[in-house]
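Structure record follows, encoded as structure tokens.
Everything numeric here is computed off the predicted structure, so don't read it as measured data. Throughout, numbering of the chain's residues begins at 1 and tracks the sequence.
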Amino acid sequence: MSTLSLQAEVRVAARALARAGFVHAYGHCSLRLDADRFLVCAAKPMGLIQPGEPGTVVPVHGPLPEGVLGEVRIHQQIYQRRADVQAVIRSMPMQVMSLSCAGLTPRLRHGMGAYFNNGVPLWDDPQLLRDDTQAAALAGQLGNAQALVMRGNGAIVVGGSLVEALTLTFYLEDAARIELQLLAAGVADQAPRLSLEEARQRATNSGRIFERMWDYLTAGDAELNLITREERQP
């Protein structure tokens, strides 16, 4: 994919996250370029990133470039540990945030939640992560999971592409919505959960599962024409 397309893909994803209400003034997303570098969106509210506004190339190892947000070191630490991760999203979904304030993360309840069958660990610290030691500890706690929830501070979602990471951010918020509704109804303890076998069978990526959610969340974006369908395959 060309540099122009990669920059556009990051901007399109950033604006989609804002339109969906998953980010507001805070949040960022990135896309791996190669083993040594990744591209992070502009350091501003994601919904205000303009067409053509470039993101910043960040080294996987080494100091953050000037002007890059401090928590982008979380992306660095994840890319260092997970060769399978091609995209990272730092978001603030409302349902996830509410559930996290109770010290909880979504459980395996429904189809969209099935994609988190490695569990959703809770980072039990509401402070911002502004140093490499904290970021490394968070990346270590993420382990092989697709998402991690930060108590009172949003979520980290990873994927094999930005298409997948954006989709999984939607799925995580929907799983949190389900969990909160079951808790509100007083039936969370007795409500059925998916077994690991059921969840792993359900968590398919066939049938353009991720691509259709990308199409839904990015519909109408001014820069979609810069990204071809073939380039957006995970």
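Counting heavy atoms from C-beta on, the side chains of Leu172 and Pro93 never come closer than 4.5 Å. Proximity of Phe210 to Met213: side-chain heavy atoms (C-beta onward) are nowhere separated by under 4.5 Å. Between Val10 and Val40, every side-chain heavy-atom pair lies at or beyond the 4.5 Å cut-off. Looking only at side-chain heavy atoms (C-beta outward), Leu17 and Cys29 come within less than 4.5 Å of each other. A 4.5 Å side-chain heavy-atom check between Pro51 and Arg15 finds at least one atom pair inside the cut-off. Taking the side chain as every heavy atom from C-beta outward, Leu196 and Leu108 approach each other to under 4.5 Å. Side-chain contact check for Gln134 versus Asp125: some heavy-atom pair is nearer than 4.5 Å. Here the side chains of Pro126 and Asn153 are not in contact, with every heavy-atom distance at 4.5 Å or above.
Distance alone, capped at 3.5 Å, is enough to place a donor-acceptor pair between the Ser161 side chain and the Glu164 backbone. At least one donor-acceptor pair closer than 3.5 Å links the side chain of Asn118 to the backbone N or O of Asn144. At least one donor-acceptor pair closer than 3.5 Å links the side chain of Ser5 to the backbone N or O of Leu226. For the pair Ser100 (side chain) and Gly152 (backbone), a donor-acceptor distance under 3.5 Å is present. A donor-acceptor pair is defined here as one N or O able to donate and one able to accept, closer than 3.5 Å; such a pair exists between the side chain of Glu173 and the backbone of Gln95. Put simply, the side chain of Arg32 gets close to the backbone of Val85: a donor and an acceptor are under 3.5 Å apart. Judged by distance alone, with hydrogens and angles left aside, the side-chain atoms of Glu223 form no donor-acceptor pair with the main-chain N or O of Ala8 at under 3.5 Å. Of the possible polar contacts, none joining the Gln86 side chain to the Leu162 backbone as a donor-acceptor pair under 3.5 Å is found. Side-chain atoms of Arg73 never come within 3.5 Å of backbone atoms of Thr133 as a donor-acceptor pair (strictly under, hydrogens ignored).
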Can you give me every donor-acceptor pair (side chain of residues 53-61, partner residue at least two apart or in another chain, under 3.5 Å) with its distance?
unit_1	atom_1	unit_2	atom_2	d
Glu53	OE1	Lys44	NZ	3.2
Glu53	OE1	Gln50	N	2.9
Glu53	OE2	Lys44	NZ	3.3

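Taken from CZ in Arg90 to NE2 in His28, the straight-line distance is 6.0 Å, to the nearest 0.5 Å. Remark: Ser98 OG to Leu183 CG distance equals 11.5 Å, nearest 0.5 Å. Note: Trp123 CH2 to Leu138 CG = 5.0 Å, rounded to the nearest 0.5 Å. Between atom OG1 of residue Thr105 and atom CE of residue Met150 there is a gap of 14.0 Å, rounded to the nearest 0.5 Å. The distance from the CG atom of Leu6 to the CG atom of Leu39 is 7.0 Å, given to the nearest 0.5 Å. Taking CD1 of Ile227 as the start and CZ of Arg11 as the end, the distance is 8.5 Å to the nearest 0.5 Å.
Using a cutoff of 4.0 Å between basic side-chain nitrogens and carboxylate oxygens, Asp221 and Arg19 are scored as salt-bridged. Ionic pairing of Arg212 and Asp215 is not present here: no N-O contact between side-chain nitrogen and carboxylate oxygen is shorter than 4.0 angstrom.
A search for side-chain contact (heavy atoms from CB on, under 4.5 Å) contacts involving Ala191 returns Arg109, Leu182, not counting sequence neighbours.
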Kindly determine whether Ile49 and Cys41 satisfy side chain to side chain contact (heavy atoms under 4.5 Å, CB included), including the steps that lead there.
CA-CA 8 Å; Ile49 295 174; Cys41 65; 3.9 Å; yes

I'd like to know whether Glu179 forms a side chain to side chain contact (heavy atoms under 4.5 Å, CB included) with Leu104, so could you lay out the CA-CA distance, the side-chain angles of the two residues, the decisive distance to 0.1 Å, and finally the verdict.
CA-CA 9 Å; Glu179 198 69 37; Leu104 300 173; 5.8 Å; no

Should Asp174 and Arg177 be marked as a side chain to side chain contact (heavy atoms under 4.5 Å, CB included) after you check the CA-CA gap, both sets of side-chain angles, and the distance that decides it?
CA-CA 5 Å; Asp174 200 62; Arg177 175 187 63 82; 2.9 Å; yes

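Using modelled atom types and a 3.5 Å distance limit, the side chains of Tyr115 and Thr167 yield no donor-acceptor pair. Side-chain contact check for Arg81 and Gln77: at least one donor-acceptor pair (N or O, by modelled atom type) lies under 3.5 Å.
Taking the six-membered ring for Trp and thresholds of 30 and 60 degrees, Phe38 and His75 have nearly parallel ring planes, at less than 30 degrees apart.
Within 6.0 Å of atom CD in Glu197, 12 or fewer heavy atoms from other residues, nucleotides or ligands are found, so the atom counts as exposed in its surroundings. Surrounding CE of Met94 are at most 12 heavy atoms belonging to other residues, nucleotides or ligands under 6.0 Å away. Remark: Gln80 CD is packed, more than 12 non-hydrogen atoms of other residues, nucleotides or ligands lying under 6.0 Å away.
Using a 4.5 Å cut-off between side-chain heavy atoms of Ile, Leu, Val, Met, Phe, Trp and Tyr, with links allowed through other members, Leu99 and Phe22 fall into different hydrophobic clusters. Transitive grouping of hydrophobic side chains (ILVMFWY, heavy atoms separated by less than 4.5 Å) brings Met97 and Tyr26 into a common cluster. Taking hydrophobic clusters as Ile, Leu, Val, Met, Phe, Trp and Tyr residues chained together by side-chain heavy-atom distances below 4.5 Å, Leu166 shares a cluster with Ile209. The cluster map of Ile, Leu, Val, Met, Phe, Trp and Tyr, joined by side-chain heavy atoms under 4.5 Å apart, puts Ile156 and Leu31 in different clusters. Follow the hydrophobic side-chain contacts under 4.5 Å out from Leu142 and you never reach Val120; the two are in separate clusters.
Screening Gln146, Met112, His110 for a side chain to side chain contact (heavy atoms under 4.5 Å, CB included) with Tyr171, the sole residue that qualifies is Met112.
Across all their heavy atoms, Trp214 and Leu224 have their closest contact at NE1-CD2, 4.2 Å. Here the shortest heavy-atom pairing between Gly113 and Ala175 reads CA-CB, 4.1 Å. Here the shortest heavy-atom pairing between Ala145 and Val158 reads O-CG2, 3.8 Å. Heavy-atom minimum distance, Pro121 versus Gly119: CD-O, 3.6 Å. The shortest heavy-atom contact between Gln141 and Leu122 is NE2-O, 2.6 Å.
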